[in-house]
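Take a look at the structure below.
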Amino acid sequence: MKILAISDQVEERLYSSAVKTIFSDVELLIGCGDLPYEYLEYLLSVLNIPLVYVPGNHDPLHSEHEPDSRVEGGFNIDLKTLKIKGLLLAGLGGSIRYRSDGVNQYGQNEMVLRSLMLVFPLIWNRVRYGRALDLLVTHSPPAGIHDDSDPAHRGLKAINLIMKVFKPRYVLHGHTYFYQRNLTTPHTQVGPTTVINIFPYHLIEL
Ligand SMILES: [Zn+2]
């Protein structure tokens, strides 16, 4: 099964009718945040496949009453779990707080508290399916992995905790731009988990 994950930057190659030919065999779209929602809506309608996403720190605060705050036809899985095409997914949107008035930004402890919402559904997955989680979809990287030392790009410790306890096969994140320093997409193996920086897009085959 092929998954197209996207993050942070609109790619002209994808934002064209050619995407239907290039990615004709992709079965699931995953958005890791900080992308215009029109771009996500374009991709899900042209490829005609499900889209799951989490908001980034440059995205609007999700509201059920405000259509512009969400992707039409997509599933926002921030603080949610989802079983789709046989895969167990969970989402954790947002980034470290670096502006007092920023939306989708959280302190380290605040994010650990938010992530508690995932604990019971993930334990239930483990009981029911024998594993808790295949893909953890985040905007921020984990602390110390693909992150940076500046206030806006420090990774979130809550993600490391989920990795430690629930051992997902993959963590897919955005938020940190590596293209200036490293042309290859960073992959880091942490125990059974492969952490992938999706920026700006990445094809995953499972
Ligand atoms: Zn970001």
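Nothing here was measured: the structure is a model prediction, and the numbers come from that model. Every number for a ligand or one of its atoms is a count from 1 in the order of the listing.
With the Zn ion (ligand 1) as vertex, N57 OD1 and H139 NE2 subtend 90°, rounded to 10°.
Ring centroids of Y15 and Y42 are separated by less than 6.0 Å, placing the two rings close together. Between H146 and H153, the ring center distance fails the sub-6.0 Å criterion.
D34 contributes atom OD2 as its closest N/O/S atom to the Zn ion (ligand 1). The atom of H175 that is an N, O or S and sits closest to the Zn ion (ligand 1) is ND1.
Screening H175, R97, R99 for a side-chain hydrogen bond (donor to acceptor under 3.5 Å, both in side chains) with N57, the sole residue that qualifies is H175.
Under the side-chain hydrogen bond (donor to acceptor under 3.5 Å, both in side chains) criterion, D68 pairs with no residue, sequence neighbours left out.
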